Structure formats: C-alpha cells, structure tokens
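See structure below.
Just so it is clear, the structure is predicted and the values come from calculations on it, not from any experiment.
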Amino acid sequence: MKKIYLLLIITLAITFTSCQSFLEEDIYDFYTPQNMYQSSQDAEVAIVGVYAPLISNNLFRSEFFQLIDLDQDHGCAEGWVINAGFADGNWQNTNNKFRNVWEQLYLIIERANVVIDKVPSIHMDETMKNHIIGEAYFMRSFAYFYLVRLWGRVPIRSSRFSEDNFMYDSPRMPIKTIYENIIIDGLNNAEELMLYKNSSLHIPTGRANKGVVQALLAKVYLHIASASKTNATVYVKCAKQIDATKYRTEEVSNKIIAVQKSISVSGYEDFNSDEYFELAREKAGELIAIENNSSGYALKQNFMDVFKGINTDQTENIFNLSTSAQSESTMSDLQQYYSYKGDQNTMSGFGRGYAFIGNAFYNSYLEESYGKKANTPQERDNRDHRIVYGIKRVYTRLGGDGNPRQWFYPQSEKTLYPEFESVANGGNGAGYASDNDTGCTTKFDYFTGSANLRYTDATVSFLRYADVILMYAEALNETIGPEANDQFGHNAIWYVNRIRQRANAIEIESPMTCYDGDYPSLNTVEGLRSFILEERGREFFYEMNRVFDLKRWGIYLDVMNEVNAIRTMSKRRQEKHLLFPLPIEEVRANQSIDAGDNNGW
C-alpha cells in the first residue's frame, strides 16, 4: 500500500493592494467555505487566489528559469547553477524543484476548480461573475498547458477537492485528452465568458481578459500543429563546442544543421496538423484584426520599451507575472539571476547575472546577409537593437585586488567602444578588463522597488504581442505559404519584418535564403519556417520560450547534442530529457501511477 502524501496546500494566501499589482495578504480556507462564496467580494478574493501561486518562490518568482531557460541552446549559467543538477540535464525525480513546480501548478488548478464550482451560485453582477469564472477556466488551462509540455501525460483534476472526492487514484491521461477536454475546452469557455481589456469591468492589469485567452489559444493550437507535423525539415543555426576553454565570441562559430522531422512528437500523433495550423492562424488573426484599438494590443515603438513598466503596460504586454514593489513577498528574483547591474559587495546596484548569453548565439545576430555588422564606433548602434541595447556592455564587479572594475562584453568588440578603454591606453573611460567574455541580458534591468539587494518588481511577460505576430506568421506560412496575402493584404514575410523593423534589423525578402549559401529560399515554406524559428529565438531570448519551440518542432535532441556544451555547461541530452521526471511524492501517493511509468527516469 502506497503511503499517501498530501501535495495540495489547504489554505490560500491572497492579496489585494494596488491596481499595479492585485496581490496582498488575507487567509481563507478553501475547503471549509461556509463563510465564503456569498458575495461579489468573495468571488474577487477567490480569483486573485488562483493567480497567487504564480509569484511563489517555487514557481515563476525564482528558480523555475533553471528548468526552462537554461534547457536550450542559446544560454548558460555560472558553475554553482550547473552544480545544482538540472541546468545541465542531471535530472532526478527526487529533486524538490520538480515537486515544487508540480505542486504549484496543481494548486492553481485546484483553486480554479473551486471558483468554477462555487462562484456561479453567488448573487452578483452577471457580467463580472462570468468574467471571473472565465478567468478560472483560463488559469486552469494555463497551468495544464505547462504541465503537458513539461511532463506529457498527467492526471486530470477537473473538480474541486472534497473529503469524498480526493483524487489520489488519478491515472496519467493521454496528451490528446488533456488538450481537448481541459485546455482547449477551458479556453473556449473562458473566451465565451470574458470581456476584452478596457471594458466596463475595469479588470486590473495582470489578470486575464478575452484577448489573453485568444493569445494563449493561438499558442496552444500552434504547439499542437507543429508537434503533430510530419515530413518537415527545419534548418537550425548552432555552434558545436568541444573544448571547454574555447568559448569566447571570436573562438566560436555557427553552422547550419538540417533536421528532418519525419514523425509527430510522441503523444501528438492523433492530431491533424493542418487543422491546427488553420486554428492557430484564425485565433492569432482575431488579435491582428483589433490591433491598436482599445480592446487589442500593438507593438511598442522601441524594442527596449517592451520591458519597462510591464506591470502596468497594456500595449504589447498581454499577460505577465504580476509583481509589486509593495513588499518583498510580491517581488521576484528574475533581475538577480538574469541581469548584471553591479556587485552586491560594492553596493553599486542589483543583479548578479548568473545566466549568460551563449557567445555563438550573440554572433548569430550579426551573421548572414540579414545581420547588420559594424566596423567603426559610428556604426555600432545601427545594428540589431536586441543586442545593441538588449545585452549588457559594461558593468562593475570586484577585481582580484578587491577594488571595483569595469568589465566589457563582448571582448571582440572593444574597438567599437573606445570610450570605455582606460585613459592609460588612450581612451576616455575608467578602464575595462577581460571577464571571460560574459554577457547578460538587460531585459530585467527595469524595476521600481527592491529589497535585500536581491528582490525587485522586475518581471516577465508570459505572452506579448510580438509573439502573436510571429505565431501568426508561422501559421500563415504553413497554411498558405510565405508570399500569399492574408485577409489583411499582407504575407507571412511582411509580418516577420514587422518584428525586425522594430529591432532595427535588416528586413528579409523572398529571393534571400534562410541562411547564406545553398539553403532554402524564404519563398519556400521550409525556408521561412526555419527563419521564423530563429527569429523567435532572437526576439524572445530568456523569455521562457526557446525550449518549447525546439521540442514542439521535434528538433530538441538534434540541436542540443550538436551544440554539446556552452562554456562549462553540458547541453548533451537523451530521449528521456524530452519530459521531466514525475515527482517521487506523486509516484508514491497516486495509486494509478506505476514507478516504471516515469518518462524514462
């Protein structure tokens, strides 16, 4: 007899503070709700509780990035992160990080189920009631979409907990069942029940609206479509690193590999790929159709403006991790891990920069005929803004003598930035030194409040409008090709160029090939498919997208094993790395899960 482990947390800590963040502290018992679910305020409090686990230390607030953003071919991290185990693929089901993520996602699901069950009986404004129920359906689908991409077949828990219905005899359900019966069905319910942003309901930024639902539906459809696609070729740029001492920008070079996807990703065999590409095109197109009006979204004019004030932005940001400067408990650790603004010991700023950009990936922005290069200081800022401003150039850290020094990235471009060279060497700056050619993103540099030299309200968008545009371009390419016009009079290449124009990158056109040389032209489906995949990597670097893009196209193992390593971080993977191991606590507690049925772990 298996020992039963109670994984679900019974009480709920939820918050209501400002319109900037809807999180503050109040305690309710979800499972003895005699005094709950009687008023509209109860409904509001309950739905905020559904969102609350997102900002948990065990989910998006802190180290979840190690499970997603380091498990791909564009980035790496410091040695201590690698030594923690999972960053370089050393995964074990006893690791508490897998358990923590699993628990928090199911906690969202459990709370959403309670709202779906209890709120309909409350006497309150029907429009607001429907919207809140729709939010619960959305969040349940949001959580299951992560679960099915990370673990594949998972138990379905679609009703609320009670003493008579404790679902710990819950089998792992087929992937198709989870999508059709829970994720897609739930999002369709949500779309029907909810209103767009800027409606009369005045839903706070950070909570879902109808446009958020449509964006996630497009992403779900596209994931299914590409995962179920057969007989497709994808050309991917990557750099194979063999020598751990040779990783500097001038020492690494990219090559192109062609990956033939002959069969569907496991679990997606019964989906109709063409049908789901059409659905993705249709759903993303609904947001394209309302761009720039009060209900829709639009691209920010400047790339780096995307990451400023995300918590209050409703222009390009569609759905984000809601953080707040009100208290440390509602701040995140993202800026600490991703950014390098200074060194704690010098009190010069926050952000330690534990996660780096891969130097070969940095070079990819500059390569090919569509990569802007610079030979003089005057030309340097007229390159792709995603590296000109999106990567930290100069930062301060302690030197070997204990004194602060300026450090520069990348070392191969020092001649383009003479103002940072030491006066002794003929420059005007305070000096720079080699730092092993280490670069960090600046996407998380923007925050309004901080605590303990570590936590800030810097945050990340789960969905932004640039994603909608590139999803639409991908679906358009797969359904009608790269050059045929849509109902708005534009083709897939035009939509890709919208993203590149904003980034100050060279626009592409159909006579060009996806890479310089003997590769498919951009006027072919496979040529533009390959280019869009790489463009997504450039646009969404360290925004928790790349690993899912590699896996949905079935090229994860080919790419990771071709790369081999970035700096000292291994990128070697086996088939079992396609999915996470089930937490050992779940295997022990769930009567329907056999220890041998654990994704190869």
Is the closest basic N to carboxylate O distance between Asp549 and Arg536 below 4.0 Å? yes

Any Ile68 side-chain heavy atom under 4.5 Å of Tyr146 side chain: yes

Quick one: sort the His74 and Phe361 rings into parallel, tilted or perpendicular, breaks at 30° and 60°. parallel

Using only atom types and a distance under 3.5 Å, with no angle test, would you say the side chain of Lys129 pairs donor to acceptor with the backbone of Pro120? yes

Hey, mind stepping through Tyr446 and Gln335 against side chain to side chain donor-acceptor pair (under 3.5 Å) and telling me if it holds? CA-CA 8 Å; Tyr446 306 100; Gln335 202 256 352; over 6 Å; no

Is the shortest side-chain heavy-atom distance between Arg393 and Pro410 below 4.5 Å? yes

Between Ser332 and Arg61 (side chain of the first, backbone of the second, donor and acceptor by atom type, cut-off under 3.5 Å), is there such a pair? no

Could you tell me how the ring of Phe444 sits relative to the ring of Tyr338: parallel (under 30°), tilted (30 to 60°) or perpendicular (over 60°)? parallel

So, His223 versus Tyr276, ring centres under 6.0 angstrom or not? no

Checking Arg552 side chain against Ala227 main chain: does a donor-acceptor pair fall under 3.5 Å? no

Identify the heavy atoms of Ala215 and Leu463 that sit nearest to each other, and give their distance. CB-CD1, 4.1 Å

Salt-bridge criterion met for Arg529 and Glu478 (N-O under 4.0 Å): yes

Looking at Tyr268, I'd like to know if the NZ or CZ of Lys229 sits under 6.0 Å from its six-membered ring centre while staying within 45 degrees of the ring's axis. no

Quick one: salt bridge (charged side-chain N to carboxylate O under 4.0 Å, His left out) partners of Arg464, sequence neighbours excluded? Glu316, Glu539, Glu543

Backbone of Asn375 reached by a side-chain donor or acceptor of Glu379 within 3.5 Å: yes

So do the side chains of Met544 and Val460 get within less than 4.5 Å of each other, counting heavy atoms only? yes

Say whether, by atom type as modelled, one donor and one acceptor occur between the side chain of Lys197 and the main chain of Gly296 under 3.5 angstrom. yes

Taking the six-membered ring for Trp, are the ring centroids of Tyr144 and Tyr179 within less than 6.0 Å of each other? no

Just checking Phe531 against Tyr515, ring centres under 6.0 Å apart? no

Could you check if a side-chain atom of Glu526 sits within less than 4.5 angstrom of a side-chain atom of Tyr519, using non-hydrogen atoms only? no

Is a donor from one side chain sitting under 3.5 angstrom from an acceptor on the other, for Asn382 and Lys373? no

Work out which heavy atom in Ser226 is nearest to a heavy atom in Lys261; give both atom names and the distance. O-NZ, 3.0 Å

State whether a side-chain donor-acceptor pair under 3.5 Å links Glu291 with Tyr465. yes

List the residues meeting ring-ring contact (aromatic ring centres under 6.0 Å, His included) with Phe356, not counting sequence neighbours, and say none if there are none. none

Assess whether ring-ring contact (aromatic ring centres under 6.0 Å, His included) is satisfied between Phe145 and Phe548, documenting all intermediate values. CA-CA 11 Å; Phe145 189 40; Phe548 297 126; 7.5 Å; no

A cation-pi test, strictly: NZ or CZ of Lys551 under 6.0 Å from the centre of the six-membered ring of Tyr556 and no more than 45 degrees from its axis. Yes or no? yes

May I ask you to decide whether Glu534 forms a salt bridge with Arg546, counting only side-chain N to carboxylate O separations under 4.0 Å? yes

Indicate whether the side chain of Gln214 and that of Tyr196 have a donor and an acceptor atom separated by less than 3.5 Å. yes

Quick one: does any side-chain atom of Arg383 pair with a main-chain N or O of Tyr365 as donor and acceptor, under 3.5 Å? no

Can you tell me which residue among Thr448, Asn311, Thr330 is in a side-chain hydrogen bond (donor to acceptor under 3.5 Å, both in side chains) with Asp457? Thr448

Would a line drawn from the ring center of Tyr409 to the ring center of Tyr362 be shorter than 6.0 Å? yes

Leu528 vs Ile532 side-chain heavy atoms within contact, under 4.5 Å: yes

So Asn359 and Ile566, do their side chains get closer than 4.5 Å, heavy atoms only? no

Arg386/Glu535 salt bridge by N-O under 4.0 Å criterion: yes

For Ala112, is there any backbone N or O sitting under 3.5 Å from a side-chain donor or acceptor partner on Tyr137? no

Would a 4.5 Å heavy-atom cut-off, applied to side chains only, mark Glu507 and Gln501 as touching? yes

Indicate whether the side chain of Asn198 and that of Ser294 have a donor and an acceptor atom separated by less than 3.5 Å. no

Side-chain heavy-atom pair Arg207, Ile132 within 4.5 angstrom cut-off: yes

Can any side-chain N or O of Asp333 pair as donor or acceptor with the backbone N or O of Gln336 at less than 3.5 Å? no

Is a side-chain N or O of Arg500 found less than 3.5 angstrom from the main chain of Ile506, in a donor-acceptor match? yes

Report yes or no: do Gln314 and Tyr297 form a side-chain donor-acceptor pair below 3.5 Å? no

Derivation of the side chain to side chain donor-acceptor pair (under 3.5 Å) call for Ser461 and Asn320: CA-CA 4 Å; Ser461 292; Asn320 66 283; 5.8 Å; no

Give, for atom CD1 of Ile508 and atom CG of Leu522, the distance between the pair rounded to the nearest 0.5 Å. 5.0 Å

Go through the steps for Glu278 and Thr479 under the test side chain to side chain donor-acceptor pair (under 3.5 Å), then give the verdict. CA-CA 7 Å; Glu278 287 283 359; Thr479 53; 4.8 Å; no

Phe541 ring centre to Arg538 NZ or CZ under 6.0 Å, with the angle to the axis within 45°? no

What I want to find out is whether Asp486 reaches Arg281 closely enough, with some N-O distance under 4.0 Å, to be called a salt bridge. no

Please say whether more than 12 non-hydrogen atoms of neighbouring residues, nucleotides or ligands are located less than 6.0 Å from CD in Gln301. no

For the ring pair Phe462 and Phe319, is the centre-to-centre distance below 6.0 Å? yes

Do the side chain of Lys392 and the main chain of Asp445 share a donor and acceptor less than 3.5 angstrom apart? no

